Amino acid sequence: MRVVSLVPSVTETLLAWHITPIAVTKFCEQPDLPHVGGTKNPDVDAIVELRPDLVVLCDEENRREDADALETAGVPLHVMTVQSVEAVAPGLRRLAHALTLDVTVDEPPTTTAPIRTTAFVPIWRRPWMSMNASTYGSSLLASIGIGNVFSDSDDRYPTVTLDEVRERRPEVVLAPSEPYPFVERHRAELETVAPVEFVDGQDLFWWGVRTAAARQRLLGRLDRRAG
């Protein structure tokens with residue numbers, strides 16, 4: 001099938017399934033594949049001209065207006081919703097079905113674990129933002145025993161202040177490499193909250209074939225820190 005992927009984690013999964021998309025976004029980290037814009041600003045006309053058999057989107061990463069424009073142009077769509085670890089396997093099975101592909105999709109070994117530590121996970125800076133329990137990243141952390149201190153927020157991606165973070169007393173700050181690229185120069189500011197661990201943002205936020213290994217890598221970081 002001629003597939004366009006507008007979701008980085010889907011692109012990674014398709015390639016692992018030996019399906020090479022005919023086009024992807026610039027955020028998919030595939031320089032050898034044609035790009036059709038970003039996740040939030042895809043080139044709809046370019047996608048239509050490619051006459052794909054299927055365009056894969058995600059209801060969180062892509063915009064409804066772009067999906068509507070593609071649908072109006074007669075382009076077949078497959079829209080994914082993955083907001084937790086337990087939603088990964090069913091979502092991948094539906095994707096495989098849409099691709100008429102026979103693949104084995106393994107269930108994650110577990111989706112809950114006793115809380116071993118609590119964490120603040122900044123996803124943006126200026127303003128500071130985090131995430132609540134109804135997000136894939138928070139679910140992934142919960143599956144390895146890391147409690148998200150903003151899991152009870154009414155907003156999926158709450159805007160916070162560092163004073164508010166300190167009030168919740170996290171034991172660690174998990175600073176991901178994306179969507180905001182936290183690096184060593186941010187350590188001093190974040191350490192006013194708690195000790196800092198820099199983590200791979202793709203492991204934390206990209207779901208799909210990556211999920212199982214990402215859990216193990218993050219769990220290894222937790223174990224090394226505890227040791």
Side-chain angles (χ1 to χ4, degrees), residues 3-21 24-30 33 38-40 42 54-64 67 77-99 101 103-113 119 121-124 129-148 150-151 156-157 174-182 199-222:
V3 183
V4 172
S5 172
L6 300 183
V7 189
S9 51
V10 168
T11 299
E12 182 178 60
T13 295
L14 291 175
L15 291 169
W17 287 351
H18 306 292
I19 293 181
T20 302
V24 298
T25 77
K26 64 183 179 181
F27 299 114
C28 292
E29 298 193 355
Q30 297 297 326
L33 296 180
T39 54
K40 304 295 186 186
L54 194 68
V55 175
V56 186
L57 306 95
C58 170
D59 64 350
E60 182 170 53
E61 295 188 53
N62 305 118
R63 303 187 309 167
R64 177 61 181 267
L77 306 180
H78 180 79
V79 181
M80 302 191 67
T81 300
V82 178
Q83 297 180 358
S84 66
V85 172
E86 53 251 281
V88 172
L92 293 187
R93 290 193 193 100
R94 286 190 290 270
L95 176 61
H97 179 74
L99 297 168
L101 190 65
V103 296
T104 299
V105 177
D106 296 326
E107 293 283 351
T110 181
T111 56
T112 59
V121 184
I123 63 169
W124 205 254
M129 296 180 69
S130 189
M131 59 188 180
N132 74 3
S134 65
T135 57
Y136 171 77
S138 187
S139 172
L140 185 69
L141 292 176
S143 77
I144 59 173
I146 301 179
N148 169 16
F150 283 99
S151 62
R156 293 193 72 218
Y157 298 106
L174 298 181
S177 56
E178 62 173 68
Y180 187 93
F182 287 102
V199 297
D200 186 339
Q202 293 182 7
D203 275 353
L204 191 52
F205 299 121
W206 287 29
W207 42 261
V209 294
R210 171 184 292 264
T211 295
R215 287 183 73 257
Q216 291 305 311
R217 283 189 289 267
L218 290 167
L219 184 59
R221 292 290 295 273
L222 180 64

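When a residue number appears, it is its place in the shown sequence, counting from 1. Just so we're clear, the structure is a prediction, and the values are computed from it rather than from any experiment.
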Across all chains, not counting sequence neighbours, the ring pair (Phe, Tyr, Trp, His ring centres under 6.0 Å) partners of Phe27 are none

Original post:
If only atom types and distance count, is the side chain of Thr25 paired as donor or acceptor with the main-chain N or O of Leu6 below 3.5 Å?
Top reply: no

For this session: Please examine the side chains of Tyr136 and Leu141, heavy atoms only from C-beta on, and report whether any two atoms are closer than 4.5 Å.
Result: no

Q: Carefully, step by step, assess Glu29 and Gln202 under the rule side chain to side chain donor-acceptor pair (under 3.5 Å).
A: CA-CA 11 Å; Glu29 298 193 355; Gln202 293 182 7; 2.9 Å; yes

Nearest heavy-atom contact between Pro176 and Gly201 is CB-CA, 3.9 Å

Taken in chain and number order and not counting sequence neighbours, the residues that satisfy side chain to side chain contact (heavy atoms under 4.5 Å, CB included) with Thr20 are Leu15, Leu33

Between Val24 and Cys28, the two heavy atoms sitting closest are CB-SG, 3.8 Å

Side-chain heavy atoms of Thr11 within contact of Val56, under 4.5 Å: no

Separation between OG (Ser84) and CH2 (Trp207), nearest 0.5 Å, reads 11.5 Å

For Asn148 and Ser130 the tightest heavy-atom approach is OD1-OG, 4.4 Å

In short, His78 meets Ala98 closest at the heavy-atom pair ND1-CB, 3.6 Å

Min side-chain heavy-atom separation Pro8-Thr39 under 4.5 Å | yes

Heavy atoms of Asp203 and Leu218 approach each other most closely as O-CD1, 4.1 Å

Smallest heavy-atom separation, Trp17 atom then Leu92 atom, equals CH2-O, 3.4 Å

**Asked** Would you call Leu204 and Leu174 a side-chain contact if the rule is heavy atoms closer than 4.5 Å?
**Response** no

Just by distance, do the side chain of Thr13 and the backbone of Val209 share a donor-acceptor pair under 3.5 Å?
yes

Here the gap from Arg93 atom CZ to Thr104 atom OG1, rounded to the nearest 0.5 Å, amounts to 9.5 Å

> Would Val105 and Val88 count as a side-chain contact (heavy atoms from CB on, under 4.5 Å) if you check the C-alpha gap in whole Å, the side-chain angles of each, and the deciding distance to 0.1 Å?
Replying inline: CA-CA 9 Å; Val105 177; Val88 172; over 6 Å; no

Practice item. Answer whether the closest heavy-atom distance between the side chains of Met80 and Leu95 falls below 4.5 Å. Key: yes

Rounding to 0.5 Å, atoms CE (Met129) and CD1 (Ile123) come to a distance of 5.0 Å

Per side-chain contact (heavy atoms from CB on, under 4.5 Å), Val79 is matched among Asp59, Val55, Val7, Asn62 by Asp59

Are side-chain heavy atoms of Thr81 and Glu60 found at a separation under 4.5 Å?
-> no

Exam field: side chain Ser139 to backbone Val85, donor-acceptor pair closer than 3.5 Å: yes

Those residues at least two apart in sequence (or on a different chain) that pass side chain to side chain contact (heavy atoms under 4.5 Å, CB included) with Thr135 are Met131, Asn132, Ser138, Arg156, Tyr157

_Taking the side chain as everything from C-beta on, heavy atoms only, tell me whether Ser9 gets closer than 4.5 Å to Glu61._
yes

TODO: Measure the shortest side-chain to side-chain distance between Leu14 and Leu99 over non-hydrogen atoms and say whether it is less than 4.5 angstrom.
DONE: yes

